[in-house]
Amino acid sequence: MGKNILEFKHVGKRYDENVVLRDINFGVEAGKFYTLLGPSGSGKTTILRIIAGFDQASSGEVLFDGQRINDVPANQRQVNTVFQDYALFPHMNVAENVAFGLQIKGVKKTVIQQRVKEALHLVRLDGYGERAITAMSGGQRQRVAIARAIVNRPKVLLLDEALSALDHKLRVDMQRELRQLQRQLGITFIFVTHDQEEALAMSDQIMIINDGRIQQTGTPVDIYDEPLNHFVADFIGESNIVPGVMKKDYVVNINGQDFECVDAGMKPNEKVEVVIRPEDLDITTVDKGELKATVDTQLFRGVDYQITAHDQREHEWKINSIHKTTVGAQVGIVFDPEDIHVMRYNESEEDFDARLDSYEEDED
Amino acid sequence: MRQKALFIVPYALWIVLFVIAPLALIFYQSFFDLNSHFTLANYQDYLTSATYLKMTLNSVWYAALITVVTLVISYPTAYVLTQLENRQFWLLIVILPTWINLLLKTYAFIGLFSRTGSVNQFLQFMGLGSHQLLFTDASFMFVAAYIEIPFMVLPIFNALIEINPSLLNASKDLGATSWQTFRRIVLPLSMPGVKAGIQAVFIPSLSLFMITRLIGGNRVITLGTAIEEHFLTTQNWGMGSTIGVVLILAMFIVMFITGDSREKGGRH
């Protein structure tokens, strides 16, 4: 566990009556790739702007390398930003854009030339230095914006929806490149996005933000497999979320039917929500199924079929299956105990982690 | 498609009748003397006469002075306007005087600056005595600048407002102070507005004649005054046209110098 390079302590932000952030707490370790993920208006960009210094926290403390930086102006912070619209200076060419930060710091001309060349090489834009910004494509501008930020060797690089303006194929390429660049440079990246696929693909740690609060923090696998609440389960990936009752440890009742599961540590007969991912559900014959359902729609998506079906209680199920079925058919749905994930209502992240620890220790 | 071509007719007529024809006439007239004989003497006179050359220098000098004074006042004004919350309203206040007739405004200043005018009354009230304000270089500059300021503020304001605010954040993010951001980002990006403003102020200032007469009391004689004199008083249309041609040339030179040269380091 490295030392936290950046820390938020009880940070809040309000504009007049409008509360944007409520009591944000987190720490960021040096050299990792973090993603702030949330829908638009969730406050994720505000967090980024507070780190960069474009906005001030209304309450709480922002620490950088252990020092309070609430009152340090943006131009004196050791962070650089890649802006959503790139914000490249239109009256300068590519090399001049990249050199800007170094020139401001008064770095020697020969050194600037060398570092600009290196930065352009890192983003695979060798030889583009003399080009005008207007002569660059969207993807190339994106790279210039990254080069302009990393040439200053910041301790933390902030990326604000940096890939959202690119088309799908280019975006996927850039995701891979960004991840590679981050490993290569060892700089802490804080990436803001509303695209959950992007977040899952690139991050070491994801922070899910909604309604001015951090909903859950964890690795992509943790967050996908063990979402803390309805919002996270719904926001990350596709999911079937159904109400249930926790009969006792390792047994959950859904729609009057008991199922074996791997969750524990709850009160007997506590009302809970149950998440099952569509890819964990499988289609079988009616007699072998744990649930019986009627197929409503079927879409072929290349890798699998996206099927929707409703059970006897008119509950709709999303199923991603590699096996084909027919619309209107009676089918059985099967899943394993490990595929069931139980969520308690209003459980905090600390309680969730503590509960997980308690019964996982029992098993050992 | 042919019908659409018809729409250009009113504008084409306008251009031909009121722009091209007058220009051609001025050029044509400039080759005739008082007795309607074809001659190059007007140009020879113009180029060899110390009076005309002095007048030309005078015109350029005063026009430049007016432009500089206007620019020095207008740039900060435009910059402050862009920072205000109700900037469109304040811009309207700055633009408002241009809706009033030029002559009317000039007469208003005669009233203000005269021996018994409001300004002198105020000075006397303050115990500073009465002064000759009208018919001085200072009052001429003051009124000329007053009239030209909106024409300088507007293009600079437009150029400043077009600058993407995230560029300013980017500059700060890269370590620049507010002053460095202004000098390296805001100023260069607002230059097209400054150039447009210079064109809008310098070129008309070259041929000012009403203000030079009414406020400057003809102490400042510019090419504009000379043209007016030749056409209305001495009736020497040939010489008047010659000076007109010189003015037109001067305008083209200014437009060429302040022309758009935005292609920057670009190889497309």
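Remember, it's a predicted structure, so these values are computed and weren't measured experimentally. Convention: sequence-line order gives letters A, B, ...; per-chain numbering from 1.
With hydrogens and angles disregarded, a donor-acceptor distance shorter than 3.5 Å links the side chain of A:Asn70 to the backbone of A:Val62. The backbone N or O of A:Ala95 lies less than 3.5 Å from a partner atom in the side chain of A:Asn93, making a donor-acceptor pair. B:Arg87 places no side-chain N or O within donor-acceptor distance of the main-chain N or O of B:Leu81, the cut-off being under 3.5 Å.
Most heavy-atom pairs under 4.5 Å with chain B: of the set A:Ala145, A:Ala87, A:Gly53, this distinction falls to A:Ala87. Interface summary for chain B: among A:Asp85, A:Val82, A:Asn152, the most heavy-atom pairs under 4.5 angstrom belong to A:Asp85. Residue with the most contacts toward chain A among B:Leu189, B:Leu174, B:Thr177: B:Leu174 (heavy-atom pairs, distance under 4.5 Å).
Here the closest heavy-atom approach between residue A:Arg171 and residue A:Leu163 is recorded as CD-O, 3.2 Å.
At a 4.5 Å heavy-atom cutoff, A:Leu158 makes no contact with chain B through either its backbone or its side chain. Both the backbone and the side chain of A:Phe89 have a heavy atom closer than 4.5 Å to some heavy atom of chain B. Contacts of B:Ser171 with chain A are made by both backbone and side-chain atoms, with heavy-atom separations under 4.5 Å. The contact between A:Asn80 and chain B is made by backbone and side chain atoms together, counting heavy-atom distances below 4.5 Å. Interface remark: B:Asn169 contributes backbone and side-chain atoms alike to the contact with chain A (heavy atom separation under 4.5 Å). Residue contact with chain B, scored on non-hydrogen atoms closer than 4.5 Å, is absent for A:Arg77.
Within a 6.0 Å sphere centred on OH of B:Tyr11, other residues, nucleotides and ligands contribute 12 heavy atoms or fewer.
One finds no salt bridge joining B:Asp173 and A:Arg148 here, because no Lys/Arg side-chain nitrogen approaches an Asp/Glu carboxylate oxygen to under 4.0 Å. Ion pairing between a basic and an acidic side chain is recognised when a charged N comes within 4.0 Å of a carboxylate O; A:Lys32 and A:Glu29 show such pairing.
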